[in-house]
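Just so it is clear, the model here is predicted, and its values are computed rather than measured. For this chain, numbers begin at 1 and follow the sequence in order.
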Amino acid sequence: MVQAMRVRAPANLIVLCGYVAVSLGYFGRPLLHHPGRILIGTGRDPELFVWAFAWWPHAIGSWTNPFVSHAVYAPAGIDLAWTTSVPGLALAFSPLTILFGPDVSLNVAALLMPALTAWTAYLLCRHLTRSVWASIFGGYLFGFSSYILGHQVGGHLNLTGVFLVPLVALAVIRYLEGELDNRGLAIRLGVLLALQLSISTEVATTLTVFMAFGLVLAYGFLRAERPRLLSSLRPILAGYGLGAIFAAPLVYYTVRGFVPQSFGDPPFFSTDLLNFVIPTQATGVAGEHFAKLTFKFPGNNDERGAYLGLPLLLIVGAYAVRQRRAPKTWFLVVSLLLSALFALGTALRVEGRRIVALPWALSSHVPGLDDALPDRFALFVSLVAAVIAALWIASTKGWIYPRPYLLPLIAVAALVPAVWHPYYYSHPERWAFFTDGSYKCIPPNETLAIFPYGFWGDSMLWQAETGFRFRMAEGYLRYTPPASYLADPTAYKLTYLFANPADRPDPAELLAFAKRMHVDRILSVVSHTYPDGPQMHSFGVLQSTGGMLIAPACGHTSLAGDTRGNG
């Protein structure tokens, strides 16, 4: 076994480098000249992860509790265990963050996630098939699946960071084959689960659900493995216990700050049945052609990641027919169908039309599962389909070469991302006030209200890039802000009604809000015109510099009564 691992190591390293090269080719070109100016992913979500990459090393370096931040949603703050703050990745990339800044660090992480995910899927497939060629395809089909591409578009690092999932499956398989004993499985699962929890509590939860159903299906179909499956329950439970110990601080704050349904709406974030065969705009081949149809699907384009493509579905069908007498075939096919059923969510929808209710409608009210969005079970659809593809390639003779290559290459081509379109990247606004150091006129640790507000602007990014010089009354760290924050009527307006000018608070209401939230100064981007100059005069002496309006101006007494003057 040791000798075999030594022989495989160089090939495995070459494959990893290949996947990294593919990811760089797909997503790295626009970053070459300005690796931190452009962010991978659209909308505000990438800025959330820039903030998280800056927060964790900053908090630890300043001896601040990193699990609770008062830098946003001040003064109450927020429990970061119930946000997508990816502490595992933020800490792993912290040396890069310290050297080059959180923007560059985030982009490097975003580039590596698909490659690492493809590589760990390759390791799983190689263990199952003993074929490098087949495993390369299997790894690619998972690491660059439409699930990964969709969340790469959204900049959802917590959902592209799933490279540990294939390793969990590999550890369980090795135990069933007798390569690992109880202790080996428990320790490996403990480490992997703790790390996955530190990247995404949601993925850790859905992985647990999928593993539980997988064990039940395996017991039903793999009769020869039943004794070993039963004996695996103890080390698996021990692995979860060890994982809870290894990630004890995170587990503590997760339990303490439990918030039901804080990340999204399960009925909205469900999968349309047609999405399994129809690509979205994230996919290069025919993605634009079906844009009008896919916009009818539930959710948004980032979340419509169930597309497998006809070539991959043909491979799955061919394997199911050819290997129909093998128990593992039934196990894999039913696992694929079950994960697809989970991804469909609360109801069967076709072209956006609701047809009939599905079982997820019951589980969506279970605490914990109501934070897991159904369409994200497409992760497991893609993984099982990739494993089936690798097994088919490894067990099928090609027409010219020993193994088939044409259909696998077409399956890969069907998933090539449409990276020539701009929606894989965002260009945040950066004003001279924050980039040239002018912000230092504000005394450290003052609380600011910055407009455009919260989700609607780039203030999270500016706070991270300035090294948390100031606190903010707003924030954008999860789908639903803390209840204590939303209880304020003005906070609710600024969070959910800001896009409609008619619903925006007037200066008197903003001033009262600032008093309640202990805001020191209000800042507004000049070009966004809310609050505009006359409105900003209501808050004190007005200063205009570096594209920003500041009131009260630097050097003047703050709204909260701070008289420290210039910082």
In terms of side-chain heavy atoms, does [X] have a donor or acceptor partner in [Y] at a distance below 3.5 Å?
| X | Y | result |
| --- | --- | --- |
| Tyr122 | Arg126 | yes |
| Thr208 | Tyr240 | yes |
| Thr42 | Ser426 | no |
| Ser145 | Tyr140 | no |

Would you say [X] and [Y] make side-chain contact, with heavy atoms under 4.5 Å?
| X | Y | result |
| --- | --- | --- |
| Pro35 | Asn107 | no |
| Val50 | Met460 | no |
| Glu177 | His127 | yes |
| Tyr425 | Leu39 | no |
| Pro166 | Leu123 | no |

>> Check the orientation of Trp55 and His58. Use parallel for under 30°, tilted for 30 to 60°, and perpendicular for over 60°.
In response: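 Tilted.
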> So Phe221 and Trp330, would you call those rings parallel, tilted or perpendicular, with 30° and 60° as cut-offs?
Replying inline: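 Phe221 vs Trp330 ring planes: parallel.
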Determine whether the aromatic ring centres of [X] and [Y] lie less than 6.0 Å apart.
| X | Y | value |
| --- | --- | --- |
| Trp51 | Phe468 | yes |
| Phe93 | Trp56 | no |
| Phe342 | Phe380 | no |
| Tyr424 | Phe27 | yes |
| Trp119 | Phe163 | no |

> Which atoms form the tightest heavy-atom contact between Ala386 and Leu141, and what is the distance?
Replying inline: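 What the structure gives for the nearest pair is CB-CB, 4.1 Å.
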